[in-house]
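See below for the structure under consideration.
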Number of protein chains: 2
Amino acid sequence: MKITIKDIAKMADVSTATVSKIVNHKDQNISQATRQKVLDLIEIHNYVPNRVASSMITKKTNSIGLIIPDITNPFFPEVARGVEDYAKLEGYHVILCNSDNDLDKEVSYIGMLQEKMVDGIIFTSSSLRNKVSKEFLRLQIPVITVDRDITGMRAQGKITVDNTTGAYQGVSYMIERGYKRILHLGGPMTSKPALDRFEGYKTALDDHGIKYDEKLFFEGNYNAQWGYEGVAQAITNNLEFDGIFCGNDMIAIGAIKALNEKGISVPENIGVIGFDDIYMATVVTPNLTTVRQPNYRMGYKAAEMLIELIKHPERKMKDVVLKTKLVIRESTK
Amino acid sequence: MKITIKDIAKMADVSTATVSKIVNHKDQNISQATRQKVLDLIEIHNYVPNRVASSMITKKTNSIGLIIPDITNPFFPEVARGVEDYAKLEGYHVILCNSDNDLDKEVSYIGMLQEKMVDGIIFTSSSLRNKVSKEFLRLQIPVITVDRDITGMRAQGKITVDNTTGAYQGVSYMIERGYKRILHLGGPMTSKPALDRFEGYKTALDDHGIKYDEKLFFEGNYNAQWGYEGVAQAITNNLEFDGIFCGNDMIAIGAIKALNEKGISVPENIGVIGFDDIYMATVVTPNLTTVRQPNYRMGYKAAEMLIELIKHPERKMKDVVLKTKLVIRESTK
DNA sequence: TCTCTCTAGGTAAACGTTTACTTAATTATA
DNA sequence: TATAATTAAGTAAACGTTTACCTAGAGAGA
């Protein structure tokens with residue numbers, strides 16, 4: 001039998017209220033003698049308070065849900081780590097949910113999280129989808145989105161990255177280094193980040209007196225496969241280009257692989273730049289020049305905002321837009 | 001105000017017991033008319049059952065704790081995904097805990113998980129540490145360890161990988177391909193997997209008539225940094241070798257980087273083989289020949305065992321030892 | 001001495017479910 | 001027709017806490 005607050009109370013010959021006060025450090029009005037007696041008993045009998053019972057009363061579970069598409073996607077472990085770190089600091093637990101960007105799974109998770117009475121939800125997406133289940137819109141608890149909006153819903157908080165400026169800086173850098181015809185292998189244009197990066201790309205060209213050529217723009221997915229195929233296709237089509245701005249690092253990694261196989265040298269013949277700065281970027285040959293996204297920060301910030309909202313639901317949160325940073329390595333000359 | 005089972009019961013003019021039975025599908029003895037009436041009310045008012053209240057009675061929270069050192073380490077997302085996938089299948093939630101192999105954090109997490117009344121715990125470690133907190137030993141709930149033992153504790157279940165055979169196969173393959181003096185850049189020998197791989201390495205040499213030379217064995221960590229340094233050191237020491245068997249892929253990636261920088265060609269001059277088969281192995285140049293560990297499987301299996309134990313605590317679990325697989329790519333000739 | 005204010009703790013309801021047991025009505029069986 | 005069995009519910013305790021409110025005694029001030 002598990003030992004409860006009643007057992008401790010009986011043994012200490014006090015009421016459960018007294019024990020409760022001591023356990024929760026609301027014990028200004030408890031004598032040192034009683035406190036010590038109770039604390040000793042707790043230690044001896046290894047009493048651990050049942051937080052599900054407390055939750056019934058306090059209406060707080062001290063847990064938050066983290067919905068991401070796939071922890072296996074190298075983008076997400078860092079944001080997960082960020083939210084977990086801050087959550088722990090504040091005594092919250094995080095429940096990990098992999099949605100695979102699948103509406104059904106999302107609905108199912110939202111249901112489970114609601115039933116478990118989580119205090120809030122952080123929602124991250126790889127932005128491959130723009131719809132969101134109506135279950136989301138019904139939610140009574142605070143939701144923070146990171147990296148994207150939820151259409152039709154005003155989430156209580158929003159963390160994004162300044163993708164436009166990031167792309168602008170990356171592309172500008174390429175132009176300044178002498179690259180003139182820069183291919184853009186973008187992510188899916190249904191997603192805001194992909195759109196913003198495309199925007200930054202165009203503006204950078206424009207500001208440097210280069211006319212945007214739509215033949216140099218390809219829309220695809222966020223994976224290495226697509227980077228590989230995109231380059232292969234461009235070459236087959238005899239497209240002329242001397243640089244590639246990729247929608248993310250995975251695309252860039254695929255692109256470099258294709259170039260290597262064709263015997264095209266990076267960065268001498270063609271420069272490549274990615275987006276994200278995942279660890280792999282430092283490991284491929286050549287090391288990838290890329291626009292770093294503060295993934296850990298995003299997660300951490302998201303948890304910060306969420307927990308502040310949990311504590312003060314009436315507070316209005318300002319959206320936060322994090323800055324990117326150009327990381328120059330070897331894939332550009 | 002959140003709507004409760006009582007509200008539904010009142011509106012449907014039935015008892016809460018009836019509603020409860022319907023919600024939990026224990027409704028053989030409920031008339032279709034009543035069932036439908038209640039179901040409709042639930043739908044209309046968007047009633048969601050409070051599982052923390054149920055947990056009080058059923059003594060089950062349907063959640064499990066997953067303690068890993070760091071989700072950011074490329075080894076772990078796959079195992080996390082494995083446990084999450086199976087857990088979801090069975091209606092369990094997983095609470096993610098990053099321990100950083102730090103005893104204090106571990107103790108803190110165990111405390112929190114106990115208080116939250118998780119039904120079981122999966123404990124994974126990067127094997128950098130062998131001690132475990134006494135809090136672990138006190139735990140009343142089932143614990144499954146993956147990848148390593150907990151010293152002094154008989155966990156209710158254990159998932160490991162046959163590291164010895166894996167190493168044996170990898171090293172044998174190198175020898176058969178003509179490599180003769182094979183360096184071993186191992187992980188920390190405080191960890192069982194590192195030891196077993198070392199064992200497999202020696203046995204393979206032995207079985208192929210090559211004498212083990214202790215000058216060719218280096219003990220280190222599990223990261224790329226160490227691989228880089230290990231090789232640099234070996235070269236500085238004018239050590240003669242034509243192959244490297246690495247304690248894991250990260251080490252191998254670091255080693256290849258060092259070799260590349262010295263202008264030593266892989267695999268022509270020196271062959272390199274890793275362990276794990278993380279995604280990065282397919283992305284470095286040359287692609288890494290490695291011994292694949294079934295990470296996802298490990299996580300999945302662990303969740304399977306844990307949940308079986310939760311349902312049938314009396315059952316005795318057989319330890320499972322998963323097989324590795326040699327994946328031949330480009331870093332060996 | 002009387003009243004007031006602290007101090008140290010106790011009382012008991014409440015949180016939202018589940019479930020063992022009970023009950024009333026209906027149907028089947030002999 | 002009398003009884004047994006089945007169906008379709010309802011009753012109320014229990015789960016382990018927290019907390020608003022209460023109380024008894026001690027000391028202080030007048």
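Each chain gets a letter, A, B and so on, in the order its sequence line appears, and its residues count up from 1.
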Tell me whether the side-chain N/O atoms of [X] come closer than 4.0 Å to OP1 or OP2 in [N].
X        : N       : answer
Ser20(B) : dT18(C) : yes
Tyr47(B) : dG16(C) : no
Arg51(B) : dC15(C) : no

Heavy atoms only, 4.0 Å cut-off, all strands: where does [X] land among base, sugar-phosphate and nothing?
X        : result
Ser15(A) : base
Lys59(B) : sugar-phosphate
Asp27(A) : nothing
Val14(A) : sugar-phosphate
Asn29(B) : base
Thr34(B) : sugar-phosphate
Lys6(A)  : base

Residues Lys10(A) and Thr16(A): side-chain donor-acceptor under 3.5 angstrom: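 Judged by distance alone, the side chains do not pair up.
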*asked:* Distance alone, cut at 3.5 Å: any donor-acceptor contact between the side chains of Asn62(A) and Arg51(A)?
replied: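 Side chains of Asn62(A) and Arg51(A): no pair found under 3.5 Å.
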Over how many whole Å does the gap from [X] atom [atom1] to [N] atom [atom2] extend?
X        : N       : atom1 : atom2 : answer
Asp13(B) : dT11(D) : CG    : P     : 11 Å
Ile57(A) : dA20(D) : CD1   : P     : 11 Å
Ile22(B) : dA8(D)  : CD1   : C1'   : 11 Å
Ile5(A)  : dG9(C)  : CD1   : P     : 15 Å
Asn50(B) : dC15(C) : CG    : P     : 12 Å
Ile8(B)  : dA9(D)  : CD1   : C1'   : 18 Å

Practice prompt. Please check if the distance between the ring centroids of Phe136(B) and Phe123(B) is under 6.0 Å.
Written response: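 So the answer is yes for these two rings.
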| query | Counting only distance, no hydrogens or angles, is the base of dG10(D) paired donor-acceptor with the side chain of Lys21(B) under 3.5 Å? | reply |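 For Lys21(B), whose side chain was compared with the base of dG10(D), there is a donor-acceptor pair (under 3.5 Å).
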Under 30°, 30 to 60°, or over 60°: which ring-plane class applies to Tyr300(B) and Tyr86(B), parallel, tilted or perpendicular?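 Taking Tyr86(B) first and then Tyr300(B), their aromatic rings stand perpendicular (interplane angle over 60°).
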